[in-house]
Amino acid sequence: MKRRQWLGLIALPLVGNAFAQFGGRRRREGGGEQKKSGEEPRANQIEVTLHEFHEDLKLTGAQEPAWEGYVEKLRVLARDVVRESRSRPPQLGLMQRIDGIVDSARNRLTALEDIAQSAKALYAGLTPEQQKMADPRLANIIAMPLAARSPLSAN
């Protein structure tokens, strides 16, 4: 418990910073620089949430590989969303934007299918007590990287 409190004290400034920057990202009148800086807190929020979830599950050594597979696939999706939001091409034509949206959706679907498969494997390896704890959180964490705005859908 001491370890978790200590981590909370260390993570508190990071999370506070993340929420402060995250709140500023919602304003649309800001410049492109605000949007770019607004993406990093999302990744930090995911990492903090994953760390807390990991601590709460109290995984055994045999369960760790399934956890690591799940977490790595989430991180890949989160990095993809951040990278995509930063690499907004200048003026694209209508057909190029449509193709980009479809490609992005296809890539995210593939990533979500990979995450779902690893989440199911993780869940299957948990004890009934761990499953109760994981039940509301496992799916919610999957949605976190997707909450970031897609650059192709933004005007």
Side-chain angles (χ1 to χ4, degrees), residues 7-8 11-57 59 63-126 130-155:
L7 179 66
L12 188 59
L14 295 173
V15 173
N17 243 357
F19 285 123
Q21 290 177 4
F22 200 47
R25 190 176 134 233
R26 293 179 188 212
R27 285 185 236 124
R28 293 185 183 225
E29 68 267 5
E33 196 59 38
Q34 282 183 338
K35 288 180 184 175
K36 287 181 184 176
S37 67
E39 297 303 329
E40 288 303 320
R42 172 64 61 186
N44 291 340
Q45 185 180 12
I46 292 168
E47 290 299 323
V48 169
T49 302
L50 285 171
H51 180 77
E52 289 173 352
F53 187 31
H54 184 260
E55 288 286 317
D56 291 345
L57 284 176
L59 298 172
Q63 295 169 324
E64 284 293 333
W67 169 261
E68 289 301 324
Y70 168 71
V71 168
E72 183 53 33
K73 287 176 179 33
L74 277 169
R75 287 177 178 149
V76 167
L77 177 60
R79 284 190 301 259
D80 186 50
V81 169
V82 170
R83 185 185 72 247
E84 186 178 273
S85 70
R86 288 184 176 165
S87 64
R88 186 177 195 177
Q91 303 296 320
L92 291 178
L94 175 62
M95 294 302 136
Q96 292 169 322
R97 284 191 318 218
I98 291 171
D99 289 343
I101 291 168
V102 171
D103 287 344
S104 176
R106 189 177 297 122
N107 291 340
R108 289 189 182 170
L109 175 60
T110 301
L112 285 172
E113 289 171 339
D114 290 345
I115 294 167
Q117 185 178 7
S118 63
K120 289 174 185 177
L122 171 63
Y123 190 78
L126 297 177
Q130 289 171 318
Q131 286 179 344
K132 285 180 187 174
M133 191 177 307
D135 206 9
R137 296 165 81 179
L138 202 58
N140 291 341
I141 292 173
I142 294 172
M144 289 179 75
L146 298 175
R149 283 181 50 185
S150 168
L152 295 173
S153 65
N155 287 342

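Note that the structure is a prediction, hence the values are computed from the model and not measured.
Residues forming a side-chain hydrogen bond (donor to acceptor under 3.5 Å, both in side chains) with D80 (at least two apart in sequence, or on another chain): R83. Checked against side-chain contact (heavy atoms from CB on, under 4.5 Å), R79 has the following partners two or more places apart in sequence or in another chain: E72, R75, V76. Residues passing the side-chain hydrogen bond (donor to acceptor under 3.5 Å, both in side chains) test with Q117, sequence neighbours excluded: none. When the side-chain contact (heavy atoms from CB on, under 4.5 Å) test is applied to L94, the partners found at least two apart in sequence or on another chain are R97, I98. Remark: A119 engages Y70, L138, I142 in a side-chain contact (heavy atoms from CB on, under 4.5 Å) (not counting sequence neighbours). In this structure D103 satisfies the salt bridge (Lys or Arg N to Asp or Glu O under 4.0 Å) test together with R106, sequence neighbours excluded. Under the rule for a side-chain contact (heavy atoms from CB on, under 4.5 Å), the partners of T49 that lie at least two apart in sequence or sit in another chain are Q45, I141, M144.
Closest approach of L57 to A134, counting heavy atoms only: CD2-CB, 4.1 Å. Closest non-hydrogen pair, A111 versus L77, comes out as CB-CD1, 3.9 Å. Nearest approach of P136 to N140, heavy atoms of both residues: O-ND2, 2.6 Å. Of all the heavy atoms in S118 and K73, the pair that sits closest is OG-CD, 3.6 Å.
Q63 places no side-chain N or O within 3.5 Å of a backbone atom of L122 that could act as its donor or acceptor partner.
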Derivation and outcome, side-chain hydrogen bond (donor to acceptor under 3.5 Å, both in side chains), residues E68 and H54: CA-CA 10 Å; E68 289 301 324; H54 184 260; 5.3 Å; no
Worked verdict on W67 versus L126 for side-chain contact (heavy atoms from CB on, under 4.5 Å): CA-CA 10 Å; W67 169 261; L126 297 177; over 6 Å; no
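A salt bridge is defined here as a Lys NZ or Arg NE, NH1 or NH2 lying under 4.0 Å from an Asp or Glu carboxylate O, and R137 with E52 fails to meet this definition.
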